[in-house]
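Chain naming here is simple, since letters A, B, ... match the order of the sequence lines and numbering starts at 1 in each. In what follows, every heavy atom counts, from backbone to side chain, and hydrogens, waters and symmetry copies are set aside.
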Amino acid sequence: NAGVMQNPRHLVRRRGQEARLRCSPMKGHSHVYWYRQLPEEGLKFMVYLQKENIIDESGMPKERFSAEFPKEGPSILRIQQVVRGDSAAYFCASSPLGRGIDETQYFGPGTRLLVL
Amino acid sequence: QKEVEQDPGPLSVPEGAIVSLNCTYSNSAFQYFMWYRQYSRKGPELLMYTYSSGNKEDGRFTAQVDKSSKYISLFIRDSQPSDSATYLCAISSSNTGKLIFGQGTTLQVKP
């Protein structure tokens, strides 16, 4: 059973470009969480999605960031007009039931975004 | 005040030592506590989770929660060089299951 998959693993963008990060959850999982890890900081929650629905986006920056989890295909975290402060590791986690508070989340290997 | 506080270290111990890692949290409503291990350039992996106050043991690892003090700990017995990693405490904060992480403590176990 393959784990959570993220691609690309490394992404370099120039300021002003767009970054698209992809996450394929574990087989059988339909709930996806995105977290961001800035240098020397812990992981910060960004958004929680189910198929075709955003459930909790309380951690998403108000501008330039968006996320989706379509009926078919991976979840996408999109960052428009990237700035140097967006440089970070972005992790995706998935869970099977979305039971919430007591359900284990399994993390992918992360996408490391570098903005030049 | 941060919701979860964790000393970032780094912490360096000799092989075989007992390691104690700690976090404090601010909201008494938190009820589900986890420890993740993260190797360099990798994603976090779940080590232990617990609901209630008290101890939970799994092999060389013991997780301890003291809700009255809002304090959680992870003990590693007989530490090994392969335990060298960053250890993150995490708390599930809402019905949606979003996790609040501590900053992480970097541990180095020297042979």
Side-chain angles (χ1 to χ4, degrees), chain A residues 2-7 9-10 21 23-26 29-50 53-60 67 88-112 114, chain B residues 2-10 21-52 56 58 63 65 72 74 85-107:
Chain A
V4 177
M5 300 180 71
Q6 290 186 249
N7 66 80
R9 296 290 304 275
H10 300 274
L21 289 62
C23 169
S24 296
M26 288 180 69
H29 289 195
S30 57
H31 302 266
V32 166
Y33 300 78
W34 285 93
Y35 294 84
R36 176 166 64 175
Q37 188 172 37
L38 293 166
E40 308 303 323
E41 292 189 19
L43 286 89
K44 305 289 186 190
F45 168 81
M46 299 181 76
V47 63
Y48 164 42
L49 309 105
Q50 296 175 15
N53 282 305
I54 297 174
I55 305 302
D56 182 348
E57 56 181 347
S58 58
M60 285 281 269
Y90 292 82
F91 290 95
C92 168
S94 74
S95 66
L97 301 175
R99 200 169 61 210
I101 201 164
D102 61 350
E103 188 176 51
T104 298
Q105 294 178 24
Y106 297 87
F107 281 79
T111 293
R112 280 154 184 83
L114 176 62
Chain B
K2 290 182 179 178
E3 292 184 280
V4 181
E5 300 265 10
Q6 183 177 9
D7 186 341
L21 304 164
N22 309 294
C23 289
T24 58
Y25 61 94
S26 58
N27 190 339
S28 57
F30 293 153
Q31 52 185 296
Y32 188 53
F33 308 93
M34 286 146 280
W35 285 95
Y36 281 82
R37 177 174 62 194
Q38 185 177 23
Y39 290 111
S40 180
R41 316 294 284 176
K42 303 288 186 184
E45 58 175 322
L46 181 67
L47 275 179
M48 303 209 45
Y49 67 91
T50 184
Y51 287 93
S52 55
K56 181 176 181 180
D58 183 1
V65 175
I72 60 175
L74 178 71
T86 297
Y87 290 80
L88 300 151
C89 62
I91 296 172
S92 185
S93 71
S94 74
N95 290 333
T96 63
K98 74 177 183 183
L99 299 178
I100 300 175
F101 283 88
Q103 189 176 347
T105 299
T106 301
L107 171 67

Legend entry - Side-chain (A/Q6) to main-chain (A/Y90) donor-acceptor, under 3.5 angstrom: yes
Inset, instruction - Sort B/Q38 into side chain, backbone, both or neither according to what part of it lies under 4.5 angstrom from a heavy atom of chain A. - result: side chain
Inset, instruction - Take the angle between the ring planes of A/F107 and A/Y35 and call it parallel below 30°, perpendicular above 60°, tilted in between. - result: tilted
Inset, instruction - Spell out, as yes or no, whether a donor-acceptor pair under 3.5 Å connects the side chain of A/Q105 to the backbone of A/V32. - result: no
Legend entry - Contact class of B/P8 relative to chain A, heavy atoms under 4.5 angstrom: neither
Legend entry - side chain to side chain donor-acceptor pair (under 3.5 Å) assessment of B/E5 paired with B/Q103: CA-CA 7 Å; B/E5 300 265 10; B/Q103 189 176 347; over 6 Å; no
Legend entry - Options B/G102, B/A90, B/G104, B/P44, ranked by heavy-atom pairs under 4.5 Å with chain A, top entry: B/P44
